[in-house]
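Worksheet: the structure to be examined is printed underneath.
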Amino acid sequence: MIVQIISSKAIEAVQNLFGVSVPASQLAVQRTIPSFRNQGDFSLVVFPLLKVSRKSPEETARLLGEELLRLMPEAESFGVVKGYLNVRIVKGFWEGFVKDNHSTHFFGVDNQPSGKPVVVEYSSPNTNKPLHLGHVRNNLLGYSVSQILKASGKNVAKVNLVNDRGIHICKSMLAWKLSGLNETPQSSGKKGDKLVGDYYVLFDKMCKTELKELIDSGKTEDEATAASKLMAQAREMLLKWEARDPETLQLWSMMNEWVYAGFDVTYKRLGVDFDKIYHESQTYLFGKEIVEEGLKSGILFRKDDSSVWIDLTAEGLDEKLLLRSDGTSVYMTQDLGTAQLRANDFDPESLIYVVGNEQNYHFEVLKLILQKLGRPWADHIYHLSYGMVELPEGKMKSREGTVVDADDLMDEMIATARAMTEELGKIEDFDSDEAQELYRIVGLGALKYFILKVDPRKNMLFNPADSIDFNGNTGPFIQYTYARIKSVLRKAEAEDIRFEHFEVNELHSKESDLIISLYEFPSTVKQAAADYSPAIMASYLYDLARDYNTFYHELSILKEENESKKALRLAISSLTATVIKNGMQLLGIEVPERM
RNA sequence: GGUCCGGUAGCUCAGUUGGAUAGAGCAGCAGCCUUCUAAGCUGCGGGUCAGGCGUUCGAGUCGCCUCCGGAUCACCA
């Protein structure tokens, strides 16, 4: 990397000039800001060196620049502004970079996977209701982070932990049974997850009616809840399920199958997948052995009512329950068990949990307990905590019907893509299938980019009006740039213009801006991986697309008369297309050849 | 109340270990298609980086305090 080269040569230069060895941390090398690009490509801040140079900032920069020219064949010239040394890189360096990579299909994403796997858990839905906007953010993040980690050279295992048991599933089952309609996805034509979700809502309604009657008859709210027959029936059903009552199990597995079939459709459309799916019904009993182990080693303790706890007050947290007084496990117990299970299954380098920030405390405690229990891999648990998705009218509330359904959302985005495309009238020669495919790519591209461009940690606002805007900092803008480049490349191919041979003797500023952006793609992948942040990739791709569009606008490519320049511009264009395609793929976004 | 996260232009968001004059997009205004795709490009206006104090040659970025918003602190998951 050129930044590292400059940095290490600068250390050498300081040694030669002032006889002092300075740490790399003292030498900040950065891209020169646009105002001073006429002087150089990269800048070095010399203020930290004044103590050792005992000279003015300008003089220090000048001496360092001269020494760098001697030491660094890649340095062509330099300029000094105040305490900034601006270094111009020789054209041959960029020529070599473009020549080496312009036809490399997997530029930037071709790191060979090595090491133990990184296990990424994401999605993790409940089977009592369909996927909504919040899940969409989760799924897109999990998938994208997995792609980015892979590209950066990690082995990745994507896992899903489906919450397929518990009182909430029993509620759907009970409502379905009580309705007596025997409604199925086949009989109703409803998507399975929607159908089951409807019964969950129905249960809620029936429950409210029952409660209202009880309260009207003079009971307090608490008394009414306690007296609710429906709730009692649901609890009874859960007990039956845990006792493996055949009839209950059958109903449970039938309805879950419906949900899975529905989820599969949504997952497939969203473009996400998993290497392994865990089901809580099979793992919810795990973790108790770990609790026993913790009791033996004295890390956990039992209270008089025989419930089991861990005392984390020394860590600034509270006491946390791990086993109820009746000996049953809680969420934390299960998660300890599934973490161990995953450690056994994968022998992972690290465990990543893509889970909303409302569970920050849970994961902090989970990690701490496992560390106290001496699990070496616990140090590598990372909670990829993301913020909530809010709507302009506030939070999504299923009870108030303000939940944005994942399938509906995709439908709307694709319909919008269709409307926009038809209005622009550029694809008259597409057949119906090609057109449908384009609407899908653009609609989903808009949705995915809109969500992934914001820093995962932050809460985000999902404004439907903004999300369907396809101009500016959007997925379709980047897709458009790609299609535009491909159009040029097709023309070049038709005219049998090759671009293997060119010499770079001079560079237009728009050319060098673009080349340097392209050069930074591999390190951007690494950084996005290190930060678990698709937003970094999204932001990079937007800047790149913008750089390309100004380049495209200011310089002609095919009409350039100088053959060498024409070839260079085609090579840059080709590499830009590759980077956009590879980068978008890291976000789970496809790019169209034409649009 | 304790802990954690956030507060940057009217709105939505960037701002890599502290570095040059804090940037985009949207919205508004004004231009650019006889030229490789105008889903594009160019220009204009718009800021007490919530506020204060401190560290530093240098702070949106680090530390402390205050204010505002959110999450969490269940024998729920």
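Note that these values count all heavy atoms, side chains included, but never hydrogens, waters or copies made by symmetry. Chain identifiers are assigned alphabetically (A, B, ...) following the order of the sequence lines, protein sequences preceding nucleic acid strands; residue numbering begins at 1 within each chain.
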Sugar-phosphate, base or nothing in reach of [X], heavy atoms under 4.0 Å:
X      : result
A:L49  : nothing
A:S556 : base
A:S25  : nothing
A:L558 : base
A:F477 : sugar-phosphate
A:Q359 : base
A:N86  : base
A:V454 : sugar-phosphate
A:M595 : base
A:S385 : nothing
A:Q479 : nothing
A:Y84  : base
A:S43  : base
A:P48  : base

Short side-chain donor-acceptor distance under 3.5 Å, [Y] and [X]:
X      : Y      : result
A:R484 : A:N549 : yes
A:D164 : A:N256 : no
A:Y449 : A:N473 : yes
A:Y386 : A:N138 : yes
A:N128 : A:S172 : no
A:T60  : A:S53  : yes

For this session: Determine the interatomic distance between P on B:rA27 and the same-named atom on B:rC41; round to the nearest Å.
Result: 14 Å
- Item | Nearest-Å distance once atom C1' is located in both B:rG15 and B:rG69 | 22 Å
Test side chain to side chain donor-acceptor pair (under 3.5 Å) on A:T328 and A:R324; report intermediate values, then the result. CA-CA 5 Å; A:T328 57; A:R324 295 189 185 99; 2.9 Å; yes
Check this one for me: any side-chain N or O of [X] less than 4.0 Å away from OP1 or OP2 of [N]?
X      : N      : result
A:K82  : B:rU21 : yes
A:R490 : B:rU37 : no
A:R484 : B:rA38 : yes

Regarding B:rC26, purine or pyrimidine glycosidic angle vs 90° from 0 gives anti
Result for side-chain contact (heavy atoms from CB on, under 4.5 Å) between A:E390 and one of A:L133, A:N463, A:N459 points to A:N459
Would A:F36 and A:Y84 count as a close aromatic pair, with their ring centres under 6.0 Å?
no
- Taking the six-membered ring for Trp, does A:Y480 stack with B:rG40 (centroid gap under 5.5 Å, planes within less than 30°)? no
Its dot-bracket string being built from Watson-Crick and G-U pairs below 3.5 Å, with | for another strand and [ ] for crossing, RNA chain B has the pattern (((((((..((((.....[...)))).(((((.......))))).....(((((..]....))))))))))))....
Give a yes or no on this: more than 12 heavy atoms of other residues, nucleotides or ligands lie within 6.0 Å of atom CD of A:E393. yes
Tested for side-chain hydrogen bond (donor to acceptor under 3.5 Å, both in side chains) against A:R165, the lone hit among A:E242, A:Q282, A:H279 is A:E242
Note: for A:T421 and A:M388 on RNA chain B, the residue whose nearest nucleotide lies more 5' is A:T421
Does the base of B:rA24 carry an N or O that pairs as donor and acceptor with the side chain of A:S539 under 3.5 Å?
no
The correct set of residues in residues 525-537 of chain A placing a heavy atom under 4.0 Å from RNA chain B is A:Q527
Filtered N/O pairs between nucleotides 25-29 of chain B and protein, under 3.5 Å:
{"residue": "B:rG25", "atom": "O2'", "partner": "A:N473", "partner atom": "N", "Å": "3.4"}

